[in-house]
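All remarks here apply to the structure that follows.
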Amino acid sequence: MLVMLRSTYEDMSREAANIVAERLRRKPDMVLGLATGSTPLGMYRELIRMHIEEGLDFSKVTTFNLDEYVGLPPSHDQSYHYFMKEALFDHINLNPSRVHVPMGMAPDVEAICEWYEERIRQAGGIDLQILGIGSNGHIAFNEPGSSLGSRTRIKTLTERTIRDNARFFANKEEVPHLAITMGIGTIMEAGELIILANGEKKADAVKASVEGPITAMMPASIVQMHRKAYFIVDETAASKLSPDMLEELTGRPNGQPAMHS
Ligand code: PGA
């Protein structure tokens with residue numbers, strides 16, 4: 001795992017978009033794993049800009065999203081289907097037949113989970129997976145305590161995640177309690193990982209994931225075991241890293257004064 005410190009959210013987002021674009025130019029039919037949440041929005045904006053201004057071509061790309069709420073139809077403005085359409089899909093030239101988001105309305109959720117794993121296998125596996133991190137250290141909806149070898153399955157959201165996500169809903173009661181999520185084992189099989197974190201709210205989770213022991217209670221800590229993982233953080237998300245780690249990342253004692261971007 002490589003930790004990359006960038007000054008601002010915009011710098012973090014640009015760095016991530018540059019990695020995606022470089023891999024895409026090298027392999028136009030790449031399999032790209034996507035994430036929802038506020039964190040990757042800046043990266044998506046930059047990819048859209050590259051598509052419009054530089055002709056970055058997504059026509060042969062296959063995508064798999066990490067997760068979806070159970071019980072929300074794709075037309076619901078808080079479903080992850082809807083989110084992805086607004087944030088990315090409607091603005092680039094993806095082929096809709098190669099786009100995958102778990103079906104939260106499926107009558108047989110277990111069958112959908114198995115099918116999702118099978119589709120990823122048939123596509124040849126995920127080349128590059130984008131991840132955010134929850135303030136409790138979750139990746140996708142793999143909450144603390146999730147098995148580190150888990151596969152795509154249905155999960156119950158923790159109270160903290162429901163609270164974190166309530167800001168997007170009219171009230172907390174409307175936040176679904178169940179989600180379909182790729183498992184940690186599924187995520188770890190991706191060829192490369194980009195994990196993004198910005199803001200003070202993520203500083204504890206970043207410290208625990210980067211410096212702490214690998215534990216199911218901090219699911220993002222498993223990323224330490226991935227040989228090609230890029231953990232890209234902005235200054236505030238990195239603010240609780242140990243002085244030694246900051247010095248290592250910035251080349252300056254205590255990470256001061258300026259952190260290069
Ligand atoms: P956020 O969520 O990007 O909205 O902070 C990240 C996550 O929960 O994985």
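Counting starts at 1 for both ligands and their atoms, following the listed order.
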### Task
May I ask whether E143 has any heavy atom positioned less than 4.0 angstrom from an atom of ligand 1?
no
### Query
Which of the atoms in ligand 1, numbered in the order shown and given with their element, are less than 4.0 Å from a heavy-atom of G37?
3 (O), 4 (O)
### Task
Using a strict cut-off of less than 4.0 Å between a Lys/Arg side-chain nitrogen and an Asp/Glu carboxylate oxygen, indicate whether R14 and E10 qualify as a salt bridge.
no
### Task
Inspect the contact between D204 and K207 and indicate whether a charged nitrogen and a carboxylate oxygen are less than 4.0 angstrom apart.
no
### Query
Do any nitrogen or oxygen atoms of T36 lie less than 3.5 angstrom from nitrogen or oxygen atoms of ligand 1?
no
### Ring geometry between Y69 and Y80 (parallel below 30°, tilted from 30 to 60°, perpendicular above 60°)
tilted
### Task
Please confirm whether H138 comes under 4.0 Å of ligand 1, counting heavy atoms of the residue only.
yes
### Task
Step by step, work out the salt bridge (Lys or Arg N to Asp or Glu O under 4.0 Å) result for R153 and E117.
CA-CA 10 Å; R153 68 209 184 293; E117 289 275 331; over 6 Å; no
### Task
Identify, for atom 3 (O) of ligand 1, the protein heavy atom at the shortest distance, and state residue, atom and that distance.
T39 OG1, 2.4 Å
### Task
Any atoms of ligand 1 less than 4.0 Å from a non-hydrogen atom of R167? List them with their elements.
4 (O)
### Task
Would you indicate whether R227, at its atom CZ, is surrounded by more than 12 heavy atoms from other residues, nucleotides or ligands within a distance under 6.0 Å?
no
### Summary
Atoms of ligand 1 under 4.0 Å from any heavy atom of K202, numbered from 1 in the order shown, are 1 (P), 5 (O), 6 (C)
#### Entry: Side chain, backbone, both or neither: the part of I133 lying under 4.0 Å from ligand 1 by heavy atom
backbone
#### Entry: K201 and ligand 1 - part of the residue with a heavy-atom distance under 4.0 Å
neither
#### Entry: Residues, nucleotides or ligands: over 12 heavy atoms within 6.0 Å of E114 CD
no
### Query
More than 12 heavy atoms of other residues, nucleotides or ligands under 6.0 Å from NZ of K228: is that the case?
no
### Task
Could you tell me which atoms of ligand 1, counted from 1 in the order shown, lie closer than 4.0 angstrom to a heavy atom of G132?
9 (O)
